[in-house]
Amino acid sequence: MPQTSTPIPVRTPLRSALLLAAGFAGLTFLLHFASSLWGSHLGYGFFRDELYFLVCGHHLAWGYVDQPPLVALQARLAETLFGLSPTGIRIFSFLAGGVTVGLTGLLAWQLGGRGSAQILAMAGVLAAPVFLGTANYLSMNSWEPCLWMGALLVVLRVAEGSAGSRAWLFFGLLAGLGIENKHSTVFFLVALLVGLMLTPQRRILWTKGCAVGVAVLLAIALPNLLWQWVHHFPTYELLRGVARSDKNTKLPPPK
């Protein structure tokens with residue numbers, strides 16, 4: 001009896017994937033915007049961290065004791081463009097929430113998912129409490145997943161061969177901005193490097209394009225690194241002090 005092979009599903013065209021991602025991104029932005037307006041109507045005002053970021057925005061620098069410079073710049077731009085109100089200063093965070101959901105759909109598509117897989121992935125991230133929270137106020141955390149996922153999407157495209165060596169420039173830009181947004185991006189980059197080294201895709205690391213991308217990354221991250229060095233690494237001293245205090249609850253690994 002002749003055997004019939006199961007046809008491999010054809011990936012959704014890129015244009016359709018982009019339209020789906022853009023649709024969900026726009027929906028996410030509108031939901032965050034509407035929820036903020038409703039919250040203001042109910043009497044909810046600024047979150048305490050937002051007030052600190054606004055003050056930092058009026059004293060722009062290449063670094064601060066407890067964060068890199070981008071959140072202060074975000075606060076300054078939002079206040080200048082949209083006014084000093086809870087909803088106004090959060091516009092960029094709402095946008096980040098939409099971009100996070102949209103990039104989730106594009107990553108699902110890049111990994112072989114069709115339209116239904118994209119929708120499921122984006123709906124899951126849209127409903128995830130952690131992303132609903134971080135994208136709903138002025139914070140470093142709102143743009144962090146966007147920059148991580150954008151950098152990862154570039155790497156996946158390069159590894160697949162659908163993006164040329166110039167795409168590494170975009171990777172360097174996103175990864176460098178990620179570090180200038182929040183230092184925890186370094187952990188993502190280390191994990192990404194280890195993951196690539198453990199697979200045959202390590203070949204993309206030994207290319208001129210990758211070297212240029214890393215150079216762009218370092219160039220963008222350098223101003224904050226120099227600021228930390230000039231000021232004797234205050235962020236490290238802060239984190240070391242927090243680790244020695246009872247500010248955070250320390251839990252053992254799950255058994």
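Residue numbers count from 1 along this sequence. Keep in mind that what you see is a predicted model, and the values were worked out from it rather than measured. Note: hydrogens, waters and symmetry copies are ignored here, and every other heavy atom, side chains too, is used.
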Provide the closest heavy-atom pair for Ala151 versus Phe188 in the form atom of the first, atom of the second, distance. CB-CE2, 4.2 Å

Distance check, rounded to the nearest 0.5 Å: Ile204 atom CD1 versus Thr199 atom OG1? 8.0 Å

Checking Val99 against Phe29 for the side-chain contact (heavy atoms from CB on, under 4.5 Å) test, could you report, in this order, the C-alpha distance in whole Å, the side-chain angles of both residues, the deciding distance, and whether it holds? CA-CA 9 Å; Val99 173; Phe29 175 86; over 6 Å; no

Set of residues satisfying salt bridge (Lys or Arg N to Asp or Glu O under 4.0 Å) with respect to Arg166, sequence neighbours excluded: none

Hey, quick one: are Leu205 and Val212 part of the same hydrophobic cluster, counting side-chain heavy atoms closer than 4.5 Å, chains of contacts allowed? yes

In terms of heavy-atom contacts, does NE2 of His58 have more than 12 from other residues, nucleotides or ligands at under 6.0 Å? yes

Any chance you could lay out the side-chain contact (heavy atoms from CB on, under 4.5 Å) test for Val155 and Trp168, step after step, and finish with the verdict? CA-CA 8 Å; Val155 172; Trp168 282 111; 4.3 Å; yes

Point-to-point distance, once rounded to the nearest 0.5 Å, from CG of Asp49 to CG of Asn141: 9.5 Å

For Met140, is there any backbone N or O sitting under 3.5 Å from a side-chain donor or acceptor partner on Asn181? yes

Is it the case that one hydrophobic cluster holds both Leu19 and Leu14, taking links as side-chain heavy atoms less than 4.5 Å apart, direct or via other members? no

Nonpolar side-chain network containing Tyr137, other nodes, edges under 4.5 Å: Phe47

If hydrophobic residues (ILVMFWY) are linked whenever their side-chain heavy atoms come closer than 4.5 Å, directly or via other members, who joins Trp62 in its cluster? Trp227

Can you list every pair that meets side-chain hydrogen bond (donor to acceptor under 3.5 Å, both in side chains) and has a residue in residues 202-223, with sequence neighbours left out? Gln201-Arg203

Atom of Ser139, atom of Ser142 and distance for their closest heavy-atom approach: O-OG, 2.9 Å

Looking at Ile179 and Ala221, what are the two nearest heavy atoms and their distance? CG2-CB, 3.9 Å

For the CG atom of Leu225 and the CD atom of Glu180, what is their distance to the nearest 0.5 Å? 9.5 Å

Connected-component partners of Ile119 among ILVMFWY, side-chain separation under 4.5 Å: Leu20, Phe24, Leu27, Leu31, Val101, Met122, Val125, Leu126, Val130, Phe131

Distance in Å, Glu237 CD paired with His231 NE2, rounded so as to fall on 0.5 Å steps: 14.0 Å

Among residues at least two apart in sequence or on other chains, which ones pass side-chain contact (heavy atoms from CB on, under 4.5 Å) with Ala175? Phe171, Leu189, Leu217

Step by step, work out the side-chain contact (heavy atoms from CB on, under 4.5 Å) result for Glu50 and Arg90. CA-CA 9 Å; Glu50 292 176 318; Arg90 296 168 184 169; 2.7 Å; yes

On a heavy-atom basis, the closest approach of Asn224 and His183 is OD1-NE2, 2.7 Å

For Glu144, enumerate each residue passing the salt bridge (Lys or Arg N to Asp or Glu O under 4.0 Å) test, keeping only those at least two apart in sequence or located in another chain. Lys182

Identify each donor-acceptor pair in which a side-chain atom of residues 65-77 lies under 3.5 Å from a protein atom, sequence neighbours left out, and give them as a table.
from, atom 1, to, atom 2, distance (Å)
Asp66, OD1, Tyr52, OH, 2.7
Gln74, NE2, Ser93, OG, 3.3
Arg76, NH1, Gly57, O, 2.8

Taking all non-hydrogen atoms of both residues into account, name the closest pair between Ala117 and Ala108 and its distance. O-CB, 4.3 Å

Using a side-chain heavy atom cutoff under 4.5 Å and only I, L, V, M, F, W and Y, what cluster partners does Leu120 have? none

Side-chain polar contacts of residues 81-88 - donor-acceptor pairs under 3.5 angstrom, sequence neighbours left out - could you list them?
from, atom 1, to, atom 2, distance (Å)
Ser85, OG, Gly88, N, 3.0
Thr87, OG1, Ser36, OG, 2.9

Does the His232 side chain pair with the main chain of Gln228, one donor and one acceptor, at a distance under 3.5 Å? no

Taking a hydrophobic cluster as the set of Ile, Leu, Val, Met, Phe, Trp and Tyr residues connected by side-chain heavy atoms closer than 4.5 Å, whether directly or through intermediates, do Tyr64 and Leu54 fall within one such cluster? yes

Going through the distances and angles, do Tyr44 and Trp38 end up as a side-chain contact (heavy atoms from CB on, under 4.5 Å)? CA-CA 9 Å; Tyr44 290 99; Trp38 181 246; over 6 Å; no

Are Val216 and Phe170 joined in one hydrophobic group, where the rule is that I, L, V, M, F, W and Y side chains link up if heavy atoms are under 4.5 Å apart? yes

Give a yes or no on whether Trp148 and Leu132 share a hydrophobic cluster (residues Ile, Leu, Val, Met, Phe, Trp, Tyr; joining criterion: side-chain heavy atoms under 4.5 Å apart). no

So do Leu173 and Ile220 actually touch side chain to side chain, heavy atoms under 4.5 Å? yes

Rounded distance [0.5 Å steps], CG in Leu153 versus CG in Leu111: 9.0 Å

Residues at least two apart in sequence or cross-chain that pass side-chain contact (heavy atoms from CB on, under 4.5 Å) with Ala163, listed by chain then number, are Arg157, Val158, Ala167

Which residues pass the side-chain hydrogen bond (donor to acceptor under 3.5 Å, both in side chains) test with Ser35, sequence neighbours left out? Asn136

Spacing of CG belonging to Leu18 relative to CD belonging to Gln118, to within rounding of 0.5 Å: 8.5 Å

